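For clarity, every value in this text was computed on a predicted model and none was experimentally measured. In what follows, every chain begins at residue 1, and chains take the letters A, B, ... in the order their sequences are listed.
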There are 2 protein chains.
Amino acid sequence: MPKKVDHDARRRQLTDAVCRLTLRGGLGSATFRQVAAEAGVSVRLVQYYFGSKQGMLDATQEHVGERSIERLMNWVEKTDGSARAVLGAFLKSFTPVDSESKMAALMYIALYTEGVVVAMGQPEANPTRKNEVDMMRQTVLEQLRRGPLAAGVDPEVEATLLTALMPGLGQYVLDGTMTAEVACATIDHHLDRLFAA
Amino acid sequence: MPKKVDHDARRRQLTDAVCRLTLRGGLGSATFRQVAAEAGVSVRLVQYYFGSKQGMLDATQEHVGERSIERLMNWVEKTDGSARAVLGAFLKSFTPVDSESKMAALMYIALYTEGVVVAMGQPEANPTRKNEVDMMRQTVLEQLRRGPLAAGVDPEVEATLLTALMPGLGQYVLDGTMTAEVACATIDHHLDRLFAA
DNA sequence: TCCGTTGTGGTACACATGTATCATGAAAAC
DNA sequence: GTTTTCATGATACATGTGTACCACAACGGA
């Protein structure tokens with residue numbers, strides 16, 4: 001095999017370009033030509049690595065997801081390990097605080113919007129999203145069950161509520177409706193109510 | 001002036017076509033030619049009524065917003081007028097239960113996604129969205145203040161939390177992650193906690 | 001040394017899109 | 001009845017898009 005080339009590094013370089021372009025100008029700006037120009041390579045190359053445009057978008061989505069998980073793990077490791085702290089770190093990792101997480105949240109919104117739309121016609125056609133959200137809810141549920149919870153708190157219902165709270169907070173921080181600090185404070189306030197002092 | 005024509009009716013006919021097309025196939029399907037074909041008119045006509053494509057999308061957004069408000073008013077009028085009931089009706093009106101509200105939620109997501117993206121670069125460039133969310137939060141806040149609230153409930157913080165909760169619930173119902181019943185039950189559960197029995 | 005596989009560039013093609021232009025019908029105003 | 005103004009139609013145009021095709025460079029194996 002000729003020409004030793006780190007395939008994964010190349011792919012990451014290209015998906016990074018996709019992210020930067022999407023950040024300014026929206027998903028519509030992520031065209032083959034623009035991506036090639038942004039990454040400083042030829043159109044043929046991005047075509048070579050992803051085959052089709054959908055392949056490019058899929059790879060980008062996957063790449064962003066991996067980085068989000070890494071970021072999440074870092075946040076969780078810095079806690080004292082209590083359910084309250086771990087859950088707070090977990091939820092706050094979905095709030096766009098720096099440029100990195102901003103990009104992640106934005107890519108999440110941009111990429112999944114189309115998915116939601118096309119999934120409307122044929123239900124059960126897009127199982128990836130459902131599984132992801134279920135996993136998120138499951139994680140929240142596990143931490144809630146570790147307790148100690150305040151009296152009368154139902155972990156199942158609260159897990160659903162917390163999971164549903166995240167997209168809205170992310171959106172509002174992104175578009176400037178509220179600051180990241182307010183979003184985090186809202187999370188903390190609610191967690192304080194759920195957990196026993 | 002010749003040829004009596006109900007301009008508003010025509011515009012509504014066209015924006016309805018935009019909605020139907022967006023429903024299946026996403027916003028990308030809402031092209032001049034497709035809209036014209038869906039509405040059974042010529043391309044020139046839709047061009048005549050909206051000028052540019054952005055004008056068409058803006059008009060659609062406005063149209064969807066008006067219908068959502070009408071629907072909301074209907075829901076609120078059916079309540080007993082208590083703060084708890086009005087707030088419940090208000091929040092549930094954002095949950096996509098039938099095809100009408102599904103379309104509204106989906107158009108909301110599809111149309112505002114681009115707005116969020118372009119607003120990232122220049123903050124304060126998209127005041128419409130912020131004002132809308134602020135108004136929603138203001139409405140929630142007013143109802144919360146009417147009480148009676150449970151002990152230790154801060155209306156300001158709870159208004160923020162409730163406002164942020166809506167987009168997520170809407171999304172999850174749309175993509176099939178949860179049913180509309182679960183979403184409404186989650187809202188009720190939380191409101192029961194906030195309001196004094 | 002030569003060869004074949006792999007990586008990369010340049011470019012052409014078919015197509016869809018937004019918009020502009022030209023043309024026509026239709027009805028009110030005079 | 002003529003004219004003017006509004007509403008609508010058909011179509012042309014420039015552009016940007018995804019993708020396919022052809023050519024070549026580079027490097028590992030024979």
Side-chain angles (χ1 to χ4, degrees), chain A residues 1-63 110-111 113-115 117-118, chain B residues 1-63 110-111 113-115 117-118:
Chain A
M1 290 131 195
K3 215 171 192 184
K4 44 155 191 169
V5 161
D6 189 341
H7 246 210
D8 289 341
R10 262 269 189 256
R11 289 171 69 90
R12 204 159 302 187
Q13 169 193 0
L14 296 178
T15 53
D16 278 346
V18 172
C19 290
R20 287 197 301 274
L21 284 171
T22 306
L23 212 69
R24 63 181 204 269
L27 243 192
S29 302
T31 156
F32 269 4
R33 285 166 179 79
Q34 298 245 29
V35 170
E38 174 77 18
V41 297
S42 78
V43 177
R44 178 70 181 88
L45 199 102
V46 37
Q47 192 183 2
Y48 175 76
Y49 276 95
F50 301 118
S52 69
K53 181 171 187 180
Q54 189 57 46
M56 181 177 80
L57 263 48
D58 289 346
T60 304
Q61 181 167 346
E62 190 178 0
H63 178 196
L111 285 169
T113 297
E114 289 203 358
V117 172
V118 302
Chain B
M1 292 125 196
K3 214 173 193 183
K4 44 155 192 168
V5 160
D6 189 340
H7 246 207
D8 289 340
R10 262 268 189 255
R11 288 170 70 89
R12 204 158 304 187
Q13 170 193 358
L14 296 179
T15 53
D16 278 347
V18 172
C19 289
R20 286 199 301 275
L21 283 172
T22 305
L23 212 69
R24 62 182 204 269
L27 244 192
S29 302
T31 156
F32 270 4
R33 284 165 178 80
Q34 297 245 30
V35 171
E38 174 76 20
V41 298
S42 79
V43 177
R44 177 70 181 90
L45 200 100
V46 36
Q47 192 182 2
Y48 176 75
Y49 275 96
F50 300 118
S52 70
K53 181 171 187 182
Q54 190 56 46
M56 181 176 81
L57 263 47
D58 290 347
T60 303
Q61 181 168 344
E62 189 178 1
H63 179 197
L111 285 170
T113 297
E114 289 204 356
V117 172
V118 301

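- A straight line from CG of B:L57 to P of C:dT17 spans 14 Å, rounded to a whole angstrom.
- Atom-to-atom distance recorded for A:Q13:CD and A:R11:CZ is 12.5 Å, nearest 0.5 angstrom.
- In this entry the distance linking OH of A:Y49 with P of C:dT6 reads 12 Å, nearest Å.
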For nucleotides 14-18 of chain D, which of its nitrogen or oxygen atoms have a protein nitrogen or oxygen under 3.5 Å away, and what is each distance?
residue, atom, partner, partner atom, Å
D:dG18, OP1, A:K53, NZ, 2.6
D:dG18, OP2, A:T31, OG1, 2.7
D:dG18, OP2, A:F32, N, 3.1
D:dG18, N7, A:R33, NH1, 3.0
D:dG18, O6, A:R33, NH2, 3.0

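- For the pair A:L45 CG and C:dT6 P, the computed distance is 16 Å after rounding to whole Å.
- Interatomic distance, CG of A:L21 versus CD of A:E38, reported as 4.5 Å (0.5 Å rounding).
- Between the CZ atom of A:R10 and the P atom of C:dT6 there is a distance of 17 Å, given to the nearest Å.
- The heavy-atom pair separating B:Q47 from B:F32 by the smallest distance is CG-CE2, 4.2 Å.
- As rounded to whole Å, 12 Å separates atom P of C:dT8 from atom CZ of A:F50.
- Atom CZ of A:R12 and atom CG of A:D16 lie 8.0 Å apart (nearest 0.5 Å).
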Using atom names, set out every protein N or O paired with an N or O of nucleotides 21-23 of chain D below 3.5 Å, distance rounded to 0.1 Å.
residue, atom, partner, partner atom, Å
D:dC21, N4, A:R44, NE, 3.1

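- Atom CZ in A:R11 sits about 13 Å away from atom P in C:dT8, given to the nearest Å.
- Each of B:T15, B:V18, B:V35, B:L57 was compared with B:F50 under the side-chain contact (heavy atoms from CB on, under 4.5 Å) criterion, and only B:T15 meets it.
- Pairing each heavy atom of A:A17 with each of A:A39, the nearest pair is CB-CB, 4.0 Å.
- To the nearest 0.5 Å, the span separating NE2 on B:H63 from CG on B:D8 amounts to 10.0 Å.
- With rounding to the nearest 0.5 angstrom, the CG atom of B:L14 is 11.0 Å from the SG atom of B:C19.
- One distance of note links CZ of B:R44 with OH of B:Y49; it measures 11.0 Å at 0.5 Å rounding.
- Straight-line distance from the CG atom of B:L27 to the P atom of C:dG18: 11 Å, rounded to whole Å.
- A sub-4.0 Å separation between OP1 or OP2 of D:dT8 and a side-chain N or O of B:Y48 is absent.
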